[in-house]
Amino acid sequence: MEIIKDLPEVFEEFAEQRKNSFLAVKQLKDKGIPVIGAYCTYFPKEIAMAMGAATVGLCSTSDETIPDAEKDLPKNLCPLIKSSYGFAKTDKCPFFYFSDVVVGETTCDGKKKMYEYMSEFKDVFVMELPNSQSATSLQLWKSEIVRFKEYLEEKFGVAITEEKIAEAIKEENEVRKSLKNLYEVMKHEPAPIKGHDLFKVLYGSGFKFDRKAIPAEVNALAEKIEKEYAEGKMLESRPRILVTGCPIGGATEKIVTAIEENGGVVVAYENCSGAKSIDKLVDEENPDVYQALAERYLAIGCSVMTPNPNRLELLERLIDEYQVDGVVEMTLQACHTYNVETLAIRKFVNEKMGLPYINVETDYSQADVGQLNTRIAAFLEML
């Protein structure tokens, strides 16, 4: 990708990256390169990278296959789980089809049961994720990372050395640094670009299999945005919104659209597809690579953790650094951990940070777009 292109064209290239990678994943398989699929930011991808495998996020953000999933799963289940299972069951996700192994994790009850059913037609390796971030939990999570490494070695007949893991850690840290460098352009007031354009890059970069190429591309894009900003190319001043809550992507991008079509701009994403997944680096100086990975991944502030101080710490930092005017939390129907935690987030935003907060609960259909627009427009007017 040449960065001499106009910004809108570059953003669209990233937005199309997922579709473009459908063919790329087949080409990887044709070359005999293993593909490891996953659904969650707790997935320690460096272990898979260390054996030369490609890693990819699996399809889970469309309502296309939900009717098929509901033949096996309850209708009142989280749409992310139903979508994930539906794409897997119907083979409509090329990434799932070409994955040699799907790596699951015990984040919530629905996903745990989904992985049981999925294992009937796919090799699934489930990592036992603790539900707290204590010293004992860290020990368990480190042992799970080692167990995952040993599983891959046995399944693929390879040796995964600590040197290779250390190389993968450095490689993925460079990706995280570049993406963080990019989203930090939104600290400017007024914002230089729309939050939806930023999201296209954050989301699309996850489907680039050549991880080594990402930092140069993303850093060049950030430099181009900064250069154009210095030349006076920016948005008009708008209410600055932080989006938090469940993972965003595909169908749920309607939340970002509603915010930005009604006069706001999303300057920060705390969700899995935003800061939460790239804020912390793996400690490259720690000689114990498994400990370093365990510490970094277990520190992710997901609502499955009890207590969950790391989410609040990240939220506070983002609100301050990005001069946020209001917080929009998007929760999916029947996502119990995030829905229950909305009380704590609302109190934190209202009482500690002194900012307005709104929670919008939705699913993967487009039936509530009108209602979302009405609620979010009223919220932005209040700002």
Side-chain angles (χ1 to χ4, degrees), residues 36-45 47-48 55-61 69 73-74 76-88 96 99 101-119 122 124-134 136-138 140-145 147-148 151 206 244-250 252 270-280 293-312 314 329-342 344-345 361 363-364:
I36 311 296
Y39 293 99
C40 185
T41 45
Y42 283 109
F43 165 54
K45 63 176 62 176
I47 299 294
T55 64
V56 67
L58 299 175
C59 307
S60 62
T61 58
L73 302 177
N76 63 343
L77 188 63
C78 158
L80 186 149
I81 297 172
K82 290 191 289 186
S83 177
S84 302
Y85 181 78
F87 273 107
F96 186 91
S99 289
V101 176
V102 169
V103 180
E105 73 306 313
T106 56
T107 41
C108 72
D109 292 341
K111 284 178 86 174
K112 284 189 286 189
K113 288 297 169 187
M114 176 191 77
Y115 292 132
E116 283 185 33
Y117 295 140
M118 201 177 276
S119 66
K122 194 65 155 185
V124 178
F125 181 86
V126 178
M127 301 184 71
E128 190 174 336
L129 180 74
N131 59 12
S132 73
Q133 292 156 331
S134 65
T136 307
S137 297
L138 182 62
L140 169 62
W141 188 232
K142 179 182 175 182
S143 71
E144 285 295 284
I145 291 174
R147 187 172 70 89
F148 176 46
Y151 168 83
T244 184
C246 292
I248 278 190
T252 49
E270 185 270 341
N271 321 59
C272 298
S273 38
K276 186 176 288 179
S277 64
I278 47 185
D279 181 66
K280 287 182 168 62
L293 286 169
E295 288 175 356
R296 186 266 168 196
Y297 279 95
L298 193 64
I300 293 170
C302 178
S303 64
V304 299
M305 293 295 164
T306 303
N308 190 16
N310 291 2
R311 185 182 180 196
L312 301 182
L314 178 57
E329 179 157 26
M330 188 281 291
T331 55
L332 293 171
Q333 289 174 3
C335 179
H336 300 312
T337 58
Y338 272 102
N339 276 309
V340 171
E341 199 164 88
T342 56
I345 301 303
E361 187 180 29
D363 59 14
Y364 283 177

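Listed here is the closest heavy atom pair of T55 and A48: CG2-CB, 3.7 Å. Across every non-hydrogen atom of M118 and A88, the tightest pair is CE-CB, 3.8 Å. Closest non-hydrogen pair, Q133 versus P309, comes out as OE1-CD, 4.2 Å. The shortest heavy-atom contact between S84 and M114 is CB-SD, 3.7 Å. The shortest heavy-atom contact between Y115 and V126 is CB-CG2, 3.8 Å. N310 approaches A299 most closely through the heavy-atom pair ND2-O, 2.8 Å.
Only one option out of T61, T252, L332 pairs with P79 in a side chain to side chain contact (heavy atoms under 4.5 Å, CB included); it is L332. Shown are N131, T106, L129; of these, the side chain to side chain contact (heavy atoms under 4.5 Å, CB included) with V304 is made only by L129.
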Pair L80-C246, side chain to side chain contact (heavy atoms under 4.5 Å, CB included): steps then yes or no: CA-CA 10 Å; L80 186 149; C246 292; over 6 Å; no
Residues T342, T331; criterion side chain to side chain contact (heavy atoms under 4.5 Å, CB included); working and verdict: CA-CA 8 Å; T342 56; T331 55; 3.6 Å; yes
Residue pair D279, I300: steps toward the side chain to side chain contact (heavy atoms under 4.5 Å, CB included) verdict: CA-CA 9 Å; D279 181 66; I300 293 170; over 6 Å; no
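Side-chain contact between Q333 and C78 is absent, with no heavy-atom pair separated by less than 4.5 Å. Proximity of P130 to L140: side-chain heavy atoms (C-beta onward) are separated by under 4.5 Å at one or more points. Proximity of S137 to L298: side-chain heavy atoms (C-beta onward) are separated by under 4.5 Å at one or more points. Side-chain contact between C302 and N308 is absent, with no heavy atoms from C-beta onward closer than 4.5 Å. Side chains of F87 and K82 form no contact here, defined as non-hydrogen atoms less than 4.5 Å apart. In this structure the side chain of Y39 reaches within 4.5 angstrom of the side chain of V102, judged on heavy atoms. Here the side chains of I36 and F43 are in contact, with some heavy-atom distance below 4.5 Å. Side-chain contact between M127 and I145 is present, with heavy atoms from C-beta onward closer than 4.5 Å.
Summarising the geometry, atom CG belonging to L58 is positioned 7.0 Å from atom CZ belonging to F96; distances are rounded to the nearest 0.5 Å. The NZ atom of K45 lies 12.0 Å from the CG atom of L293; values are rounded to the nearest 0.5 Å. Note that SG of C335 is 10.0 Å distant from CG of L77, once rounded to the nearest 0.5 Å.
By the neighbour-count criterion of 12 heavy atoms within 6.0 Å, atom NZ of K112 is densely surrounded, having more than that number from other residues, nucleotides or ligands.
Ion pair R311/E341 flagged as a salt bridge, since at least one NZ, NE, NH1 or NH2 atom sits closer than 4.0 Å to an Asp/Glu carboxylate oxygen. Using a cut-off of 4.0 Å between Lys/Arg side-chain N and Asp/Glu carboxylate O, E116 and K122 are scored as not salt-bridged. E295 has no carboxylate O lying under 4.0 Å from a charged side-chain N of K280, or vice versa, which leaves the two without a salt bridge.
A perpendicular orientation is assigned to the rings of Y42 and W141, their planes being inclined by more than 60° (bins at 30° and 60°).
Between the side chain of E144 and the main chain of E128, a donor-acceptor pair closer than 3.5 Å is present. Looking only at distances, no side-chain donor or acceptor of S132 sits under 3.5 Å from a matching main-chain atom of T306.
Using modelled atom types and a 3.5 Å distance limit, the side chains of S277 and T41 yield no donor-acceptor pair.
Separation of the F148 and F125 ring centroids falls under the 6.0 Å cut-off.
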